[in-house]
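Notes follow the structure.
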Number of protein chains: 2
Amino acid sequence: MPSTTTDSDGTSPGTGKRRVPLSRASVVAAGRRLARDEGLAAVTLRRVAAELGVTAMALYRHVGDKRELLVAMLDGVAEQLVIPDGTGSPSDRLVLAFRALHDHLTAEPWVAEVLRGGELFGPSAARFVEHVLALLAEAGLDDEQAGDAYWALWWYTFGHLSYLPALGPEGRPARHELMTRVRMDDHPRLARMLSRPPRAGAAEDAFVPGLRALLRGLLAD
Amino acid sequence: MPSTTTDSDGTSPGTGKRRVPLSRASVVAAGRRLARDEGLAAVTLRRVAAELGVTAMALYRHVGDKRELLVAMLDGVAEQLVIPDGTGSPSDRLVLAFRALHDHLTAEPWVAEVLRGGELFGPSAARFVEHVLALLAEAGLDDEQAGDAYWALWWYTFGHLSYLPALGPEGRPARHELMTRVRMDDHPRLARMLSRPPRAGAAEDAFVPGLRALLRGLLAD
DNA sequence: ACCTGAACACCGTTCAAGT
DNA sequence: ACCTGAACACCGTTCAAGT
């Protein structure tokens, strides 16, 4: 019945029978494709299933529930992260690591959204955390200091990723609405900040200086 | 019909007729009460309406749509923020301001969730931004530097607020699940970080030192 | 003017049933 | 073993109808 009524799923269905017999990997891959192409909101079990030419209930045989699907998607991203390293100071190498993380996650914005859902991270992200903790130790921090510093760096990075949409072109209407509702006479500096032409990639360019500033403060005794 | 079948709304309904004739303010107040007591997920138009002894559709006369309700709730919180100030250095006064913001928002965790939805903030938050920008200027930053510094401070604060649930007792199951799935032999430092007894209020206590570190880096020429 | 009832197009999830 | 159909208990939102 739905095969004749639905017409908005232009990819795999239409070929009639499925080639591959539906595995956990294919479900997760379909989820990632959907998230990348149409945003996290498009990742519903029904949509993912449709993408695979199958009903939503068939997915439960492979993923448990939706949360598990999202975590699996997350872990796929973490797995693909390449952590660059160098021969400079621990601080320089930390900048390198976090910039790589930042760029990697910026390329797939839905990841920040899932992380906001409360997930710490998948197992594959452990590599990154371990790498950062080792560099912080090399810089002279003890276990507890390194732990706190790791979280500070992550909060900064995560906050940045979360606010990219609001600062980018997508956030224009919200910023405009705000400017009309705030009495700008009483807030001259805010008015200047909001009205300043948002130079291309300003938010991205601001990330590294802020990161360096945070590191300078964290690593200073 | 629903007045006899529903029995889970213990507050206003049950008194029979409503006292107050349903205003925008009462709708927003009901939303905040619900968010505070049962979390943001409980704030559905149907639940808010039930709380007021009314149908969901009645709300549309007063709030436009759900997003508008959430922004109005947000603005109520911002309005109640008291920004303390002192006579110390700009840096100390910035710590004072952000700590007040942090404590205020920690008390109502749903706010961070709404902000994650992409809202910059409501008009009432303009006071805070203006205050911070003025202090950054006093510390010697020009408009552009102050703008970047403001965002760095906000990213840090927002990231912290977003991760509080994951680090607190609520996040225990997720942390535990993670520890079982990661090969901890390969990640000794991560293992130590996750297994360390999370001292009471560790995340809260880590906020201010990280904030000071960030400020030190941002205000250094 | 203000509110309601019924409906629409969605969700995640369960469960008995098919092959 | 693997998938489907139908159903349940929800969402936000629209629209004609009531008072």
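Lettering of chains follows the sequences in order, A, B, ..., and the numbering in each one begins at 1.
Here the side chain of A:R61 pairs no donor or acceptor atom with the backbone of A:L22 at under 3.5 angstrom.
For A:D143, the side-chain hydrogen bond (donor to acceptor under 3.5 Å, both in side chains) partners are B:R192, not counting sequence neighbours. Every residue two or more places apart in sequence or in another chain that forms a side-chain hydrogen bond (donor to acceptor under 3.5 Å, both in side chains) with B:D185 is listed here: B:R183. When the side-chain hydrogen bond (donor to acceptor under 3.5 Å, both in side chains) test is applied to A:R24, the partners found at least two apart in sequence or on another chain are A:E68.
Salt-bridge annotation for B:R33 and B:E38: absent, with no side-chain N of the basic residue lying under 4.0 Å from a carboxylate O of the acidic one.
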Acceptor/donor pairs from residues 99-107 of chain B side chains to any protein atom, 3.5 angstrom cut, sequence neighbours excluded:
from, atom 1, to, atom 2, distance (Å)
B:H102, NE2, B:H160, NE2, 2.8
B:H104, NE2, B:V77, O, 2.8
B:T106, OG1, B:H102, O, 2.6

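The shortest distance between the side-chain N/O atoms of B:T44 and the OP1/OP2 oxygens of D:dC11 is below 4.0 Å. Phosphate proximity of C:dC2 to B:H62: absent, as no side-chain N or O sits under 4.0 Å from OP1 or OP2.
Atom CZ in B:R24 sits about 15 Å away from atom P in C:dC2, given to the nearest Å. Atom-to-atom, CZ of B:R47 to P of D:dC11 comes out at 8 Å; the value is rounded to the nearest Å. One can place CG of B:L69 at 15 Å from C1' of D:dC11, the figure rounded to the nearest angstrom.
With respect to B:W155, the side-chain contact (heavy atoms from CB on, under 4.5 Å) criterion is satisfied by exactly one of A:Y156, A:F158, A:W155: A:Y156.
The aromatic ring centroids of A:F128 and A:Y150 lie 6.0 Å or more from each other.
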Contacts under 3.5 Å, N or O only, protein and nucleotides 13-17 of chain D:
from, atom 1, to, atom 2, distance (Å)
D:dT13, OP2, B:Y60, OH, 3.0
D:dT13, OP2, B:K66, N, 3.2
D:dT13, O5', B:Y60, OH, 3.1

Secondary structure of DNA chain C in dot-bracket form (Watson-Crick or G-U wobble, distances below 3.5 Å, | marking inter-strand pairs): ||.|||||...|||||.||

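Of the two residues near DNA chain D, A:A58 and B:V43, the one whose nearest nucleotide lies more 5' is A:A58.
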